[in-house]
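To find a chain, count down the sequence lines: A is the first, B the second, and so on, and within it residues start at 1.
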Protein chains: 2
Amino acid sequence: MKTLRLNSNDRAVLLRSCFFERLPTAASSAILDDVVVSTHEEHDLLFAQGEALDHVFFVLSGLVRLYRLGKDGREADIAVFPKGELFGESAMFLGNRATANAQAIETTMLARIDSRKLRKLAERTPEIADALMQLLCRHAQMAEDCLAEDRLLTAPQRVASYILGNCPDGITNFSFRLPFQKNVLAGKLGLAPEALSRAFSALRRSGVTVKGRVIEIHDRQALERF
Amino acid sequence: MKTLRLNSNDRAVLLRSCFFERLPTAASSAILDDVVVSTHEEHDLLFAQGEALDHVFFVLSGLVRLYRLGKDGREADIAVFPKGELFGESAMFLGNRATANAQAIETTMLARIDSRKLRKLAERTPEIADALMQLLCRHAQMAEDCLAEDRLLTAPQRVASYILGNCPDGITNFSFRLPFQKNVLAGKLGLAPEALSRAFSALRRSGVTVKGRVIEIHDRQALERF
DNA sequence: GTTCTTATTTGATCGAGGTCAAACCACGAT
DNA sequence: ATCGTGGTTTGACCTCGATCAAATAAGAAC
């Protein structure tokens, strides 16, 4: 891991993100004031469950996976964060302890925001507090959505739901490129890679074509019904 | 559903709860100022997924279940809130729309806090904002814990984990009473009632005795190993 | 206590997905 | 173009937990 200062390009990425875009300039500047950037290689561990954690992380580029370890060494993905997302914020309110492991899925650059400082700033700046609450809420929703999908949907249905989540409504014919390896998608959906593969082949009958990372939908209705 | 005013006993319950206890008296009073109490019978629907929701709810007595519906009518529990818990707060940051259904599991009294007002108060009162952030965080953690347990543990392991969560550390011999029907516990753990029953009988071999709602542990170690 | 109703347990069966092994394919390096 | 490595798919098998049906137990109402 190498650390650098925040350059103006990184700064632009930060300011365009969902979290910062609604903040007044002064607030953003205060937060970004002493931010450091770190770079990580594929598979690098960013932090581990139970460890002290006094930063909140922003993904400047790359991809990060949040997961828990079972006693037997098996891993369960909690979330995957692409470029532009903020993560690790919940440790801030839970005694600065990480509740999961985080790993770089590919070469990744992170901006590290001092969490104590952020919390201080939130106290005096309602806009920051509000943005944090929205962030926490979104993350809670993501986890609840996952939980509900795990419990209600079969593997092909979860995959269908993922595809539909990437397809603008009203359109019936659509194609997009997976933002990561199938491997990673499988983890995110709580499936073994083999199960994901079989799910895709089950969806083929409903007009889904898979060529490498490119997914093509020919019949949105059929997917919704699945 | 019948609605009443907040009496002094209810008020005491509220002020002793995890959310309110850290707030300055002035802040609590401001929040509780125009709170109304509603009573609900077993099985009553409190609100439904997608509905407009402009209150945050506090469980004065009884038990509430939060769940999502699948296309086929099956239900997946997201959380169960006993007396003293606050719920429905995430709608406040998501356009005042409920993201799940809520149902009274038994006769229940709720205090209804106006969410717009609460949000306003949070803007001017850092302590309230902070308490809300902690609440959101706890709820996010609950969902993540559930998700990880669902993905990593078998049914008997989940039950063991639930029991251990109710057993103070360091003690090897312990007994407690389930705060709800096995039915409800099954839902909370993402199991069919039959599966819960079988899980209990699997744990019997590790020194767990179940008599009605009373669970008895004779060997904490064995449970932890399970 | 008796009876009725509702929870829980038990048995039997079935299907979704995990796991392991092997085939296959894609893509970067040479 | 060829080779090799690692991602992906396919096949075979097996386990866990869902489901349905039936038997019991536990409460509630009388």
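Proximity of B:K182 to B:S197: side-chain heavy atoms (C-beta onward) are nowhere separated by under 4.5 Å. Residues B:F81 and B:L86 fail the side-chain proximity criterion, which asks for heavy atoms closer than 4.5 Å. Looking at A:F58 and A:V35, their side chains never come closer than 4.5 Å, going by heavy atoms from C-beta outward. A:L178 places a side-chain heavy atom less than 4.5 Å from the side chain of A:Y162. Counting heavy atoms from C-beta on, the side chains of B:T107 and B:T39 never come closer than 4.5 Å. At a threshold of 4.5 Å between non-hydrogen side-chain atoms, the residues A:T108 and A:L46 do not count as touching.
Evaluation of the ring-ring contact (aromatic ring centres under 6.0 Å, His included) rule for A:F57 yields A:F47, A:F87 as partners, not counting sequence neighbours.
Atom CG in A:N183 sits roughly 17 Å away from atom P in C:dA26 (whole-Å rounding). B:L153 has its CG atom 15 Å from the C1' atom of C:dG18, to the nearest Å. The distance between atom CD1 of B:I215 and atom C1' of C:dT8, rounded to the nearest whole Å, is 13 Å. Remark: C1' of C:dC27 and NZ of A:K182 are 14 Å apart, rounded to the nearest angstrom. Rounded to whole angstrom, the span from the CD atom of A:Q181 across to the P atom of C:dC25 amounts to 19 Å. Rounded to whole Å, atom P of C:dT6 lies 16 Å from atom CZ of B:R213. Taking atom CZ on B:R74 and atom P on C:dG15, their separation rounds to 15 Å, with Å as the unit. Remark: P of C:dC27 and NZ of A:K211 are 13 Å apart, rounded to the nearest angstrom.
Contacts between chain A and DNA chain D, taken as any atom within less than 4.0 angstrom of a protein heavy atom, begin and end at D:dG7 to D:dA12.
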Verdict with supporting geometry, A:E41 and A:H43, side-chain contact (heavy atoms from CB on, under 4.5 Å): CA-CA 6 Å; A:E41 290 311 310; A:H43 300 135; over 6 Å; no
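Exactly one residue among A:R68, A:K188, A:R65 makes a salt bridge (charged side-chain N to carboxylate O under 4.0 Å, His left out) with A:D77. That residue is A:R65.
Proximity note for A:T154 (side chain, C-beta onward) versus C:dA7, C:dG17, C:dT9: the nearest is C:dG17.
Contacts between residues 193-206 of chain B and DNA chain C, defined by a heavy-atom separation below 4.0 Å, involve B:E194, B:S197, B:R198, listed by number.
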